[in-house]
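Okay, structure first, notes after.
For the numbers below, each heavy atom of this structure counts, side chains included, while hydrogens, waters and symmetry mates do not. The model shown is predicted, which means the values in this text are computed figures rather than measured ones.
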Amino acid sequence: MAHHAADGQQRLNDGGKPHRFNAIMRRLEGVTHKALTEALRKLERNGLISREVIDTSPIAVEYSITPLGRTLQVPFGAVYEWAVAHLQEIENAQAAFDARREQAP
């Protein structure tokens, strides 16, 4: 799967618009419903996102990044850029780790 730095930056800078749970879920490949629910709950508890229940039929929930959460955009952007720059090294390390585990008794 190819990743581009611009894609990650776009995800960080989405104009601050709220996102519904299912829209977030679709953007996160391989994340389970339970894991996303738990992560969002922790982020909300820490003041990094806000959660709003929309009184529609069916009821919808929207999540937004709070001002405190926005303070993480620059450091998270730097981590993302680092990961993209070192993706091959990370994948090599993962493959070596997996190979060692497969050989372990």
Side-chain angles (χ1 to χ4, degrees):
M1 180 165 79
H3 293 282
H4 300 287
D7 295 340
Q9 200 60 31
Q10 181 59 36
R11 287 186 185 120
L12 291 173
N13 297 318
D14 63 357
K17 66 179 184 168
H19 294 282
R20 292 193 178 188
F21 182 91
N22 286 332
I24 297 169
M25 187 84 184
R26 282 190 297 272
R27 292 172 72 177
L28 300 173
E29 183 179 316
V31 175
T32 66
H33 188 281
K34 180 181 177 188
L36 179 57
T37 298
E38 290 172 358
L40 290 170
R41 197 170 290 142
K42 289 176 184 177
L43 291 168
E44 182 183 11
R45 182 174 184 262
N46 290 328
L48 302 176
I49 63 169
S50 62
R51 178 180 183 270
E52 181 181 354
V53 177
I54 309 298
D55 190 20
T56 59
S57 182
I59 291 178
V61 178
E62 289 185 336
Y63 295 90
S64 300
I65 298 174
T66 64
L68 179 61
R70 290 209 179 283
T71 65
L72 291 171
Q73 283 182 285
V74 171
F76 281 177
V79 169
Y80 181 83
E81 296 290 333
W82 177 89
V84 168
H86 297 277
L87 185 58
Q88 188 61 54
E89 294 164 85
I90 293 167
E91 289 174 343
N92 291 344
Q94 291 171 341
F97 178 88
D98 293 345
R100 286 191 308 273
R101 288 191 53 128
E102 289 174 5
Q103 293 173 354

Sort and list the pairs that fulfil salt bridge (Lys or Arg N to Asp or Glu O under 4.0 Å) and have at least one residue in residues 96-105, not counting sequence neighbours.
-> none
Not counting sequence neighbours, list each pair that qualifies as a salt bridge (Lys or Arg N to Asp or Glu O under 4.0 Å) and has a residue in residues 45-67.
-> R20-E62
Output the distance between atom NE2 (H86) and atom CD (E81), rounded to the nearest 0.5 Å.
-> 11.0 Å
Single-linkage hydrophobic cluster, 4.5 Å side-chain cutoff, [X] and [Y] together:
X: I90; Y: F97; result: no
X: I65; Y: I54; result: no
X: V79; Y: V31; result: no
X: W82; Y: L72; result: no

Side-chain contact, heavy-atom cut-off 4.5 Å: L40 with E44?
-> no
Compare every heavy atom of A35 with every heavy atom of T32, then report the nearest pair and how far apart it is.
-> OG1-N, 3.0 Å
Quick one: closest heavy-atom pair of T66 and I49, and the distance?
-> CG2-C, 3.5 Å
